[in-house]
Structure formats: C-alpha cells, structure tokens
Amino acid sequence: MLKTLSKECLKCKNPLCIKGCPVHNEIKDIISLINEDKLNEAYNLNLKTSVLPFVCGVLCPHEKQCEGHCIKSLKGTGVKIGQIEELLAKENHYIVKKIDNSLVNINICIIGGGISGISAAIDASRHGANVTIYERTDKLGGPLFNSIPDFRFEKSKIDIINGILHSLGVKVYYNTEYGNDLTLNDLEKFDKVIFATGTMIETKPFKESHPNFIGAVELLEKLKNNENLNNVKKAIVLGAGNVATDAARSLIRANIETQIVYRRTFKYSPALKTEINECLEEKIALIEKLSPVSLVINDNKLTGIKFEIMEESTELDRSNRPIFKSINEFKVLDADLVVYATGQKPDLSIYKNDFDHLIEGSWLKSNTNIVKYDKFYFIGDVVSGATSIVNSMKAGMDVVVDMISERKIFMFGGSFDPVTLVHEEIIKSVINEFGENSLIYIVPNGDNYHFDGKELTCFSIRKEMLEKAFSKYHKNIYVSDIEQKEEFIGVYKTLEDLNHPIYIIGSDLLYTLPRWKNFDNLMSNNKFYLIERESYTLDVLNQEPLSSYKDKFIMSNYKFKNISSTDYRINKNDNLISDEVKEIIKKYRLYEGGRNND
C-alpha cells in the first residue's frame, strides 16, 4: 500500500507540496527513499521536521496544505501524502531514537502534556536533554485524548506517544497543575522551563448561561466519557471549524438530530471540504448566514436560539474573506442543546502571580510563536491562540531549535593517537572563551580511517583515553563514535550528521582545506573556530578561495605549539602528554613497537 501510494508522485523539479507544508517536510526526498525501499532513511528524514508523523498524517488539513498544493490536485486528487506519512511511521514501528547530544546535561521542565508539550519533550530528549513533563490531568495528549473523537483519531495511538516518551527517558507527572501543585520555587532545579498550557477556556458568542448551552470541547469530553446529555433530542452547533464538525458528527452518533449554524456561507468555513461533505453524508443540516443573538428559555428550559440574518457584503476582513452584515431581521431555531465552537483562549490566571508583566489582554505578549523570559519559554496555543495540530507540533520543535541555537556547540576531530597536552589546552581555550554551557563533540577517526598509510590504535582505547583526558575540564564533553559506526566520507558529512557544530580547526589545516571533499558545501554550511599554531600563519585567509569565506571563521584568542600525536609516537616524550594519558598507554602497552607513521 505504501509503495503504491508513493509511486503516484511525479517528482516535480520544484515540489509545491513542500511549500504547502507548515513544517516543510522534505516530501519529494521522503517519497524517493520509499520508492528505493529505504524506509528507515525515509522515516528518519521525516522525523527531522515532524516528531509526530502518525498524528499529522491523520489530523493535518492535508487538502489545504501539502496535498492541496500537489500539482496533481489541479486536475483531480493530489498524492495521498498524509496517508504515506502515517503508513511510513507504522512501517518503522513508531520508533523515535536519540540523534545527538546538542542538549546533553540540560534539565528541561515542560508544563502541559498536549501536542506542543509532547513535541518539545520528544525533540529535546532526542537531542540529549533530561526532560520532565507536568500534566494537570491524568492523561497526556490534550485534545488528542480528551476531545477529538475516536472516529477521527484512534485513542490507542496515545499509547504510542507514551511508549516513545518512555523510550527516550522522559519523566511524566500527572494531576500536577502549575499555580496549585507546582510553584515557581519548584522550577528552580531546572535549566529551562517550557509552558505549553494551551487554550483551556472556550469563548461564548454571548454572555448568557444555561446547563444545555455548552462549549464543543466540553461536549466532546462528555461524549468520550459516556456522560448523559439529559434527554437531548435536537442540537444546534454554532461555528464551522473542525471542532464544530467533530461535535456535530459525535452528536449524530448519539442519535441526536443536529444542525450546524454558521454566520457566513460554508464556502468560507474553516473546516475542510471533506469534513463538510462528511457532515452532509451523515444527515447533519447545514444552515448559513445566521449569527447567534440569545438563547430562548421557557420555564428554565432551553427551547431554542435567536439569530440575526446576515448577508454577504463587498467588504473584506483581515483574512480576505467577505464581511457578512446584519439585515436587521431575526429568526428562531428550536433546540434543547446549543453547542458553541466559536473559539478558545488560554487561562492566564495561572500566570498572574509570577508572569503578570508578560500578559497583554487575553494573551501573552509576542511577535513570534515563542515568548521568552529568562529561562522560561511559553509556546503553542497559549501564545498563538487555538491552532492546528501541525502548528502546535511545530511550536514544540521550534523551541528546541531555539535552545540549541543558544548553546555553543563545537566539534574537535582527529586521530587523538594519543591525546596530547596541546589537545587539552585547546579544549580549555574553548571553555574559557565560550563558557561552561558550551558542548564539545570529540570525534576521533574510526578504525577504518586510512590516510597516507596511517594505522590507528583501537578506537575503544582512544575513546577511553579521550574521556579520561578531557572529563576533568568540562562536564559537557561527548566522545562520538560517528566515524567508527559509518564509513568516513568527509568532514562535511560528519558536520552535517551532527547538525553543523562549530568545527575546531588549526591554522596548519588552512593550507589543505581547499582540497577537502565538497569544499564549497563545507564552507557554506559551517562555522570554524580557528586556532593559530606555531609556524603556520593566518595569511592564507586573505587568499582565494578562503578569503571568500572569512566571515565563517571565529578567531581564537590563544596560540598553540605545533605539537602533534606523531611527535609523541616518534619521541616517546612524556612531557607531551598528561598523567591520565600515560596511564592508558601503560595499561594497554601502546606504542612499544616504535610505530611512527602519521
């Protein structure tokens, strides 16, 4: 089924589907990998931009986004991209693995276990962070679990989310609400705190109240919990978004006659055409151009709702839709249940004591989808207002990108055969210049690395040596086995796989750098921390081709002796190495054969 769907792709030179995707999934490349039977590679590529593909594959409004932009949709039906995304995740058993240590030793607290909070937790933990979620209810998922009906999203998929979080080591505490069970003092132990509390208050179209005048989300939660609707026979749902259609379709399944009433025409409804058509197929009446005014109540019993009749004008609103105006005529429709799906807003009362200065009206002040204050981040619907599943997921991933960008991350590569005191001095210089929060990847060449006949000491021994030598300086040093696990292709590929850390490079390498594989790719996509070594001046930076990339270099404040691992292997001079390295050499009886090749 997956291959059949993927073969429908035309492999457009400029794929519009990617432009239509809010997170810009690499749809063309993903489908190409599927067609090459590289399902794991395709899935991992998808995870780069979407950590919940089995959710987005089902709940995204594809016909307005990727599928709606597909060139084939102009003459019929676009490629079933959502279905491909869902099936690809299923083929890979929904596994999400740790990918790097960009956030290693960072303790992150997430308040709110809805889509944004879950996405941030998955993404941060796969980048090495220690993540804790505090959820105010007894279940994760927010609207996924509490309100989206089972006919749209299987409740069992929440178990998949729980499994992913568990596999990544995320801790979850339920029935814990900020402001009541959790205070600002409780958050002091965390390095970063993400508030993803969503929009918990449904907005009424008018101020009247009645037990049978309820919000759509509240209704959906009641129906999911099999609560009694007090002998309701006829219902009206106000609004025309997907929450309204979910409510109406759930009511019809409860054998309640249902109408959806909208103040515009359904041509301009936020709901998808497929959702509107599904309502019609299920015998739900759709009534247009009526704006709610007040409830009709007799003897404390709700009997109907009064509307004013609207007509389309030539004026446009901010969304470029026609403004509908009253014609000063009114109409009453009978109903014993009225459900409003006319918007939601956040409950800002939990922020009044600690973050009152961030509140502006009914929302948090922001020009972006993230509000930042000190170590606190506010994301998702609490900032943007109620939005789509994919945008909620994007908010969770965006905050992780922001955290990673705040941290200086370096890569220091070489044979380290053995580690010299100069290597250690270089590490100390990075820490001195960029602080304790910086992260340094140490990337020793793999055992299969051969250059000019060089044969390396066993990788595992060199890794042990590096950890012993460097751990005394910095807690955020990670010895990577990336070049041991994979065939060495080039530094550009290693940097790409590690998400482009700053590459530590000596001035001696400037003279050969232009001959490295994929030189232009290497220089365009990376930055370099340049350390000056004796006998190798920096003059070459003023010459082409390096002069074109001068802005890519961060100059070190330190100058280092031109001593290499080769110098030790030739001379066996213990003054070139630390005591920790001497212990490893002695333990494994290294370099006793007089090997001196570089």
Side-chain angles (χ1 to χ4, degrees), residues 1-12 15-35 39 41-96 115 118-119 122 141 143-144 148-158 160-161 164 241-243 245-246 249 269-279 281 387-397:
M1 181 66 171
L2 178 59
K3 287 286 289 288
T4 302
L5 292 171
S6 65
K7 286 186 182 298
E8 292 292 318
C9 179
L10 298 177
K11 301 177 183 177
C12 302
L16 299 178
C17 56
I18 296 174
K19 294 179 182 177
C21 173
V23 293
H24 305 300
N25 284 337
E26 294 290 345
I27 297 165
K28 178 182 174 181
D29 291 343
I30 290 167
I31 288 177
S32 293
L33 288 167
I34 292 170
N35 289 331
L39 299 188
E41 288 181 41
Y43 179 58
N44 287 332
L45 181 57
N46 197 6
L47 287 175
K48 282 189 175 182
T49 46
S50 174
V51 291
L52 293 173
F54 58 94
V55 175
C56 293
V58 176
L59 294 177
C60 265
H62 302 107
E63 64 188 67
K64 286 185 177 180
Q65 295 176 351
C66 54
E67 293 176 17
H69 284 71
C70 174
I71 196 72
K72 293 183 76 172
S73 68
L74 296 176
K75 294 185 178 180
T77 304
V79 176
K80 297 292 183 185
I81 297 166
Q83 206 173 341
I84 289 171
E85 187 173 28
E86 182 193 9
L87 289 171
L88 180 61
K90 186 176 181 180
E91 285 284 341
N92 283 273
H93 310 291
Y94 310 106
I95 293 169
V96 179
I115 301 301
I118 288 169
S119 301
I122 292 172
L144 282 182
I148 293 177
D150 291 348
F151 61 78
R152 276 233 295 147
F153 186 79
E154 298 171 31
K155 195 185 296 184
S156 61
K157 286 186 176 174
I158 297 296
I160 297 171
I161 292 174
I164 291 169
N242 58 4
V243 177
T245 58
D246 282 352
R249 295 178 69 198
S269 71
L272 300 175
K273 288 180 182 178
T274 51
E275 292 171 326
I276 297 297
N277 290 336
E278 284 164 346
C279 287
E281 289 169 8
T387 187
S388 64
I389 293 290
V390 66
N391 282 323
S392 294
M393 181 197 70
K394 184 178 186 298
M397 295 186 72

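Here, residue 1 is the first one in the sequence, and each next residue gets the next number.
When side chains are defined from C-beta on, M393 counts as touching V51, because their heavy atoms get closer than 4.5 Å. Put simply, the side chain of I148 does not reach to within 4.5 Å of the side chain of N242, judged on heavy atoms. Side-chain contact between I27 and P15 is absent, with no heavy atoms from C-beta onward closer than 4.5 Å. Inter-residue side-chain proximity for N25 and N46 is flagged as met; some heavy-atom pair is nearer than 4.5 Å.
In this structure, the separation between CD1 on I31 and CG on L88 is 10.0 Å, given to the nearest 0.5 Å. Distance CG/L33 to CG/L39: 9.0 Å, rounded to 0.5 Å. Within the model, atoms CD1 of I118 and CD1 of I158 stand 6.0 Å from one another, a figure rounded to the nearest 0.5 Å. The structure places CZ of R152 at 9.5 Å from CG of L144, a figure rounded to the nearest 0.5 Å. We find the CD-SG distance between E85 and C60 to be 6.5 Å, quoted to the nearest 0.5 Å. To the nearest 0.5 Å, atoms CD1 (I71) and SG (C9) are separated by 11.5 Å.
Among residues two or more places apart in sequence or in another chain, the ring-ring contact (aromatic ring centres under 6.0 Å, His included) test is passed with F54 by Y94. Applying the side chain to side chain contact (heavy atoms under 4.5 Å, CB included) test to S73 and every residue at least two apart in sequence or in another chain returns nothing. The side chain to side chain donor-acceptor pair (under 3.5 Å) test applied to S6 returns N35, not counting sequence neighbours. Applying the salt bridge (charged side-chain N to carboxylate O under 4.0 Å, His left out) criterion to E26, with sequence neighbours excluded, gives no partner residue. Remark: D29 pairs with no residue by the salt bridge (charged side-chain N to carboxylate O under 4.0 Å, His left out) rule, at least two apart or across chains. Residues satisfying the side chain to side chain contact (heavy atoms under 4.5 Å, CB included) criterion with Q83, sequence neighbours excluded, are M1, L5, K80, L87. With sequence neighbours excluded, the residues forming a side chain to side chain donor-acceptor pair (under 3.5 Å) with N92 are N40, listed by chain and number. Shown here are the side chain to side chain donor-acceptor pair (under 3.5 Å) partners of K3, two or more places apart in sequence or in another chain: D37. Residues passing the salt bridge (charged side-chain N to carboxylate O under 4.0 Å, His left out) test with K28, sequence neighbours excluded: none. With sequence neighbours excluded, the residues satisfying side chain to side chain donor-acceptor pair (under 3.5 Å) with E86 are K157.
The two residues G141 and I115 make their nearest non-hydrogen contact at O-CD1, 4.3 Å. The two residues A89 and P53 come nearest to each other via the heavy atoms CB-CG, 4.1 Å. Between C279 and R249, the closest heavy-atom pair is SG-CG, 3.9 Å. Nearest approach of G78 to C70, heavy atoms of both residues: CA-SG, 3.8 Å.
K273 NZ: 12 or fewer foreign heavy atoms inside a 6.0 Å radius.
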inquiry  = side chain to side chain contact (heavy atoms under 4.5 Å, CB included) for E91 and I34? Distances and angles first, verdict last.
reply    = CA-CA 11 Å; E91 285 284 341; I34 292 170; over 6 Å; no
request  = Show your working on side chain to side chain contact (heavy atoms under 4.5 Å, CB included) between C17 and V79 and close with a plain yes or no.
outcome  = CA-CA 9 Å; C17 56; V79 176; over 6 Å; no
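For residues 47-75, the salt bridge (Lys or Arg N to Asp or Glu O under 4.0 Å) pairs, not counting sequence neighbours, are E8-K72.
The main-chain N or O of C66 is never found under 3.5 Å from a side-chain atom of H69 such that the two would form a donor-acceptor pair.
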